[in-house]
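Right, one structure below, let's go through it.
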Amino acid sequence: MHVGHLRSTIIGDSICRLFEFVGHDVLRLNHLGDWGTQFGMLIAHLQDKFPDYLAVSPPIGDLQAFYKESKKRFDGEEEFKKRAYQCVVQLQNKNPDIITAWNLICEVSRKEFQKIYDCLDISIIDRGESFYQDRMVQVVREFESKGLVEVDEGRKIVFAPGCTVPLTIQKSDGGFTYDTSDLAALKQRLQEEKADMIIYVIDSGQSIHMQTIFAAGHMIGWYDPKVTRIEHAGFGVVLGEDKKKFKTRSGDTVRLIDLLEEGLKRSMEKLNEKGRDKVLTPEELTAAQTSVAFGCIKYADLSHNRMNDYIFSFDKMLDDRGNTAAYLLYAYTRIRSIARLANISDEELHKAAKETEVILDHEKEWKLARCILRFPEILQKNLEDLLLHTLCDYLYELATIFTEFYDNCYCVEKDRQTGQIVKVNMSRLLLCDATAAVMAKGFDILGIKPVQRM
């Protein structure tokens with residue numbers, strides 16, 4: 001996985017969390033390209049490099065390097081190219097040895113994906129194009145039986161209403177295309193999974209393709225848009241600080257695992273710079289490091305309108321001033337510590353929440369209470385437009401309004417000489433607690449894990 005996979009992973013996970021929170025049963029699917037020409041190429045290269053792959057599991061550590069080697073041969077060696085195509089045919093015919101090779105390569109990928117999903121705390125079901133292979137034949141037949149197929153130079157094509165570019169559902173050599181697998185996947189999700197709503201989190205470059213697939217599905221009668229919501233939640237690309245596509249110095253795409261490791265390194269440097277290593281236990285420091293590193297990477301993405309391209313900058317995302325995860329995570333731990341420093345336990349707070357009236361006298365108390373109460377309407381808007389940056393803006397506004405409240409309204413009064421607690425304003429502590437509860441739920445929807453101490 002490279003940096004181009006970052007946005008679909010983060011945005012998709014957050015949309016899932018949002019729908020799960022309001023009570024939907026969500027099926028999280030990872031649609032993988034695990035079939036086709038590139039696998040013929042990889043399998044042929046595997047046969048040459050590890051001829052005894054059936055007996056001994058081949059030590060493919062770096063799949064990216066392995067892919068590059070095979071691609072170089074595919075582009076430069078005619079004989080190898082022919083064998084690669086033969087491997088594709090054998091794969092489609094389910095030749096047992098070729099299927100074994102294919103499984104080995106998929107397994108290496110899966111292990112690498114899992115490292116990333118573990119870091120980012122993401123649960124997802126991998127379901128590649130291979131899953132839909134047998135269903136594609138049925139899809140072609142169904143379009144033919146309804147008289148919706150035209151033949152163009154041997155290709156079978158379908159024109160969907162309102163779309164200028166036709167879908168190619170079968171190539172002249174009998175092979176299938178992305179169009180066929182995407183139609184088969186749409187049908188499977190509607191008819192077998194019985195989906196009431198399908199959200200595709202794929203980059204905006206695919207928007208015409210997705211609209212055509214949806215239109216074809218509607219035309220053939222698989223669903224009614226008035227009843228079933230099918231939507232493409234598109235997003236822009238990740239740019240480097242030079243405003244060009246995000247690449248390494250050598251011009252390669254950035255591997256996602258390298259990016260996450262760099263994030264961990266930078267967040268530890270930042271925590272040490274602030275002297276946190278002197279006050280936190282080693283366990284607390286590690287928890288803060290991962291919370292800040294992965295929280296900042298997620299928040300930097302989600303706090304931008306997903307429709308726009310966004311510039312990836314570690315310096316900006318790790319800044320603890322302004323609308324960043326670092327600022328919000330600090331704000332949250334500070335709010336959580338107010339009751340703790342007043343020696344009020346969670347149990348006492350819960351008891352007070354049932355018995356104590358919240359009094360709103362000061363204008364800053366009113367302002368904070370009104371902001372807290374806007375949370376449901378923000379979530380309702382998110383469910384409709386799938387634009388999570390409005391939730392991020394809301395959390396930032398809540399943290400800012402809380403600071404105004406805290407600066408103007410005493411929650412805990414202490415004796416200036418002795419430092420002893422003289423008075424605890426329980427009503428205001430409940431406002432602090434409500435703020436923290438809303439922030440914690442907001443973080444949860446964004447996939448960010450706060451910590452108790454930072």
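Residues Gln289 and Thr286 have side chains that never bring a donor and an acceptor to within less than 3.5 angstrom of each other. Judged purely by distance below 3.5 Å, without hydrogens or angles, the side chains of Ser204 and Ser207 never pair a donor atom with an acceptor atom. If you check the side chains of Asp319 and Thr324, you find no donor sitting under 3.5 Å from an acceptor. No donor-acceptor contact under 3.5 angstrom links the side chains of Thr228 and Asp196, judged on distance only. Checked by atom type, the side-chain pair Gln380/Glu384 shows a donor-acceptor distance below 3.5 Å. Looking at Arg336 and Tyr332, their side chains do bring a donor and an acceptor atom within 3.5 Å of each other. Looking at Tyr132 and Asp182, their side chains never bring a donor and an acceptor atom within 3.5 Å of each other. For the residue pair Asn30/Tyr117, the side-chain donor-acceptor check at 3.5 Å is satisfied. Side-chain atoms of Asn408 and Glu404 include no donor-acceptor pair closer than 3.5 Å. No side-chain donor from either of His232 and Gln211 sits under 3.5 Å from a side-chain acceptor of the other.
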* Asked: Should Phe214 and Tyr200 be marked as a ring pair (Phe, Tyr, Trp, His ring centres under 6.0 Å) after you check the CA-CA gap, both sets of side-chain angles, and the distance that decides it?
  -> CA-CA 11 Å; Phe214 301 162; Tyr200 286 79; 5.2 Å; yes

* Decide yes or no on salt bridge (Lys or Arg N to Asp or Glu O under 4.0 Å) for Arg17 and Asp121, but give the supporting numbers first. => CA-CA 12 Å; Arg17 286 167 179 269; Asp121 187 30; 3.4 Å; yes

* Please lay out, stage by stage, how Arg453 and Glu283 fare under the test salt bridge (Lys or Arg N to Asp or Glu O under 4.0 Å). => CA-CA 11 Å; Arg453 295 193 63 207; Glu283 292 76 24; over 6 Å; no

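Aromatic pair Phe312/Phe314: ring centres closer than 6.0 Å. Ring to ring, Phe402 and Phe405 are close: their centroids are under 6.0 angstrom apart.
With a 4.5 Å cut-off on side-chain heavy atoms, Tyr327 and Arg321 do not count as touching. Inter-residue side-chain proximity for Met426 and Ile344 is flagged as met; some heavy-atom pair is nearer than 4.5 Å.
Note on Asp315 versus Arg266: salt bridge recorded, some NZ/NE/NH1/NH2 to OD/OE distance being below 4.0 Å.
Relative to the six-membered ring of Tyr310, Arg306 misses at least one condition, a distance below 6.0 Å or an angle of at most 45° to the axis. Taking the ring centre of Phe131 as origin, the terminal cationic atom of Arg127 falls inside the region bounded by 6.0 Å and 45° from the ring axis.
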